[in-house]
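A short write-up of the structure that comes next.
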Number of protein chains: 2
Amino acid sequence: MRADARKNYELLLSVAHDVVTEHGADASLRDIARKAEVGLGTLYRHFPTRESLLEALLREDVDALTAESVRLEESRASEEALIAWLRGCVALNNEYRGVTSLLTAALEDPESALYNSCVALHDTGSRLLARAQAEGMARADVDGTDLFALVAALAWLHDQPALAPRADHLLGVVSSALLTGEAAYAVGQERSRA
Amino acid sequence: MRADARKNYELLLSVAHDVVTEHGADASLRDIARKAEVGLGTLYRHFPTRESLLEALLREDVDALTAESVRLEESRASEEALIAWLRGCVALNNEYRGVTSLLTAALEDPESALYNSCVALHDTGSRLLARAQAEGMARADVDGTDLFALVAALAWLHDQPALAPRADHLLGVVSSALLTGEAAYAVGQERSRA
DNA sequence: ACCTGAACACCGTTCAAGT
DNA sequence: ACCTGAACACCGTTCAAGT
């Protein structure tokens, strides 16, 4: 990439971070180009779709969560690891407002720039879920897509001003549904101590 | 209301029903006016906001669900009534795509045309929840807003093409989290017989 | 190679002018 | 009273013209 192009790319990404933080994932692309003092075509050249821009904004976080999940799988009890990952994945979705619908839509669109990130999250969660199920700590009638859906639903709640205050509490409620008897009890205890 | 105005009102509502069914709650208002062969200002005169249009589209359903809840409260066991209402409320939210975010946003905006419908649903659910809790059939650490949030989250899942196939199953998972020991077991049995 | 911004086809919303 | 549609200020997306 030419030096001037690289500079524009970095600048756009930095401005996009600010604008998307303020206005959410459906922020005006025109606005981003304007604030970066760059032609609208330059934005489209570097980020041909809204998804590709968000992919660039989220990539680091997705990689970090993936790496974290490896650590969780090695060092924590399966039910603890599963819930910790769930919290992390919800937090990732809440990095920017409105990202959850985009990420969810990408799950069945291999052409989407967010597809790989999506699948990475889906598969990471699936593995932690499968381990917890193998140990009898998570209910057997949910699969990786169910887990993805629950994460998305909880993240969506956080984006709704009227419901955001309850989102964290409901994460606990849903977690307890995900885990089986003893494990659910333990999470409940943890939560009531907090 | 003058006869010609009434005719336009009914026509707009009928066209809006079709267009919103096809394109969801964020359908183009221009498109609705165009298809009704009516000036754009006429649409705005009858429905000053998008919310007021959706309110008119949903009113009957909200009333029906409210009436149904009275019957449920009188004739069914508290845990059964709660879950039946939850299913009904999710179904109402899924009448048109994208209605859930509007309904949720209205919950804390008394100026919204959807505010009354929203509060009606919230309070109806709260009453059924309180009864189930009083009988020890529902967990005590959720309130009416939590219930509303769970309904909204489940309805939102139904709007996501990638997750819609799991929405009904997850309704069962969430229901089991809502109910306490014996009641949750009963719902589980019901579901595995289905 | 890369950048620019006008052009096109859409929105939501308002409001002066008509009947 | 009620209706109409032009006008305004925005979008996303494309692409000919420039450097």
Side-chain angles (χ1 to χ4, degrees), chain A residues 1-57 96-99 101-102 105-106 109 111-114, chain B residues 1-57 96-99 101-102 105-106 109 111-114:
Chain A
M1 186 148 42
R2 234 165 61 179
D4 56 342
R6 156 127 281 142
K7 212 186 104 203
N8 277 334
Y9 180 89
E10 304 290 357
L11 178 59
L12 276 166
L13 211 50
S14 149
V15 170
H17 169 80
D18 295 347
V19 174
V20 172
T21 295
E22 194 179 346
H23 295 101
D26 51 353
S28 158
L29 299 179
R30 248 196 174 78
D31 192 30
I32 293 173
R34 209 152 38 209
K35 281 180 172 136
E37 292 176 308
V38 141
L40 194 40
T42 305
L43 186 149
Y44 274 92
R45 157 172 281 265
H46 288 293
F47 306 104
T49 62
R50 184 179 293 276
E51 283 75 17
S52 68
L53 179 56
L54 269 118
E55 194 274 334
L57 286 174
Y96 304 101
R97 239 179 318 134
V99 113
S101 331
L102 280 179
D109 176 15
E111 302 305 305
S112 167
L114 283 168
Chain B
M1 186 149 41
R2 233 164 61 179
D4 55 343
R6 155 127 280 142
K7 212 187 102 203
N8 277 333
Y9 179 90
E10 305 291 356
L11 178 59
L12 277 165
L13 210 51
S14 148
V15 170
H17 168 81
D18 295 346
V19 174
V20 173
T21 295
E22 193 179 347
H23 295 101
D26 52 353
S28 158
L29 299 179
R30 248 195 174 80
D31 192 31
I32 294 172
R34 210 152 36 208
K35 282 178 173 138
E37 292 177 309
V38 141
L40 194 42
T42 303
L43 186 149
Y44 274 92
R45 157 172 281 264
H46 289 293
F47 306 103
T49 61
R50 182 179 295 275
E51 282 75 18
S52 67
L53 179 57
L54 269 118
E55 194 275 333
L57 287 174
Y96 304 102
R97 236 178 323 132
V99 113
S101 330
L102 280 179
D109 175 15
E111 303 304 306
S112 168
L114 283 167

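Residue numbering restarts at 1 for every chain, and letters A, B, ... go by the order of the sequence lines.
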[X] has an atom [atom1]; how far is it from atom [atom2] of [N], in whole Å?
| X | N | atom1 | atom2 | answer |
| --- | --- | --- | --- | --- |
| Glu51(A) | dG12(D) | CD | P | 12 Å |
| Glu37(A) | dC3(C) | CD | C1' | 15 Å |
| His46(B) | dT13(C) | NE2 | P | 17 Å |
| Leu11(B) | dC2(D) | CG | P | 16 Å |
| Leu40(B) | dC8(D) | CG | C1' | 13 Å |
| Leu12(B) | dC2(D) | CG | P | 14 Å |
| Tyr44(B) | dA6(D) | OH | C1' | 15 Å |
| Phe47(B) | dT13(C) | CZ | C1' | 17 Å |

- Item | DNA chain C contacts made by residues 2-10 of chain A, counting heavy atoms under 4.0 Å |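 Correct list: Arg2(A), Asp4(A), Ala5(A), Asn8(A).
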- Can you sort out which residues in residues 18-36 of chain B have a heavy atom within less than 4.0 Å of DNA chain C? Ascending by number, please.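 Per residue number, the list reads Ala27(B), Ser28(B), Leu29(B), Arg30(B), Arg34(B).
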Nearest 0.5 Å, what's the [atom1]-[atom2] distance between [X] and [Y]?
| X | Y | atom1 | atom2 | result |
| --- | --- | --- | --- | --- |
| Thr49(B) | Leu102(B) | OG1 | CG | 9.5 Å |
| Asp31(A) | Glu22(A) | CG | CD | 8.5 Å |
| Arg30(A) | Leu43(A) | CZ | CG | 11.0 Å |

- Query: If pairing requires Watson-Crick or G-U wobble contacts with both distances under 3.5 Å, which nucleotide is the partner of dT4(D)?
  - Reply: dA16(C)
- Message: Only pairs with both distances under 3.5 Å count, Watson-Crick or wobble alike; so what is the partner of dA9(C) in this structure?
- Response: none
Please list, one pair per line, the donor and acceptor atoms closer than 3.5 Å that link side chains of residues 8-21 of chain A to other protein atoms, with sequence neighbours excluded.
residue  : atom : partner  : partner atom : Å
His17(A) : ND1  : Tyr96(A) : OH           : 2.8
Thr21(A) : OG1  : His17(A) : O            : 2.6

- Query: Is the backbone N or O of Asp26(B) less than 3.5 Å from a side-chain atom of Arg97(B), with the two atoms forming a donor-acceptor pair by type?
  - Reply: no
Would you mind reporting whether [Y] and [X] have side-chain heavy atoms less than 4.5 Å apart?
| X | Y | result |
| --- | --- | --- |
| Arg50(A) | Glu55(A) | no |
| Leu29(A) | Tyr44(A) | yes |
| Ile32(B) | Leu53(B) | yes |

- Under the criterion salt bridge (Lys or Arg N to Asp or Glu O under 4.0 Å), which of Arg2(A), Arg6(A), Lys7(A) is the partner of Asp4(A)?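 Result for salt bridge (Lys or Arg N to Asp or Glu O under 4.0 Å) with Asp4(A): Arg2(A).
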- Query: For Arg50(A), which contact category applies under a 4.0 Å heavy-atom criterion: base, sugar-phosphate, or nothing?
  - Reply: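 Sugar-phosphate contact only.
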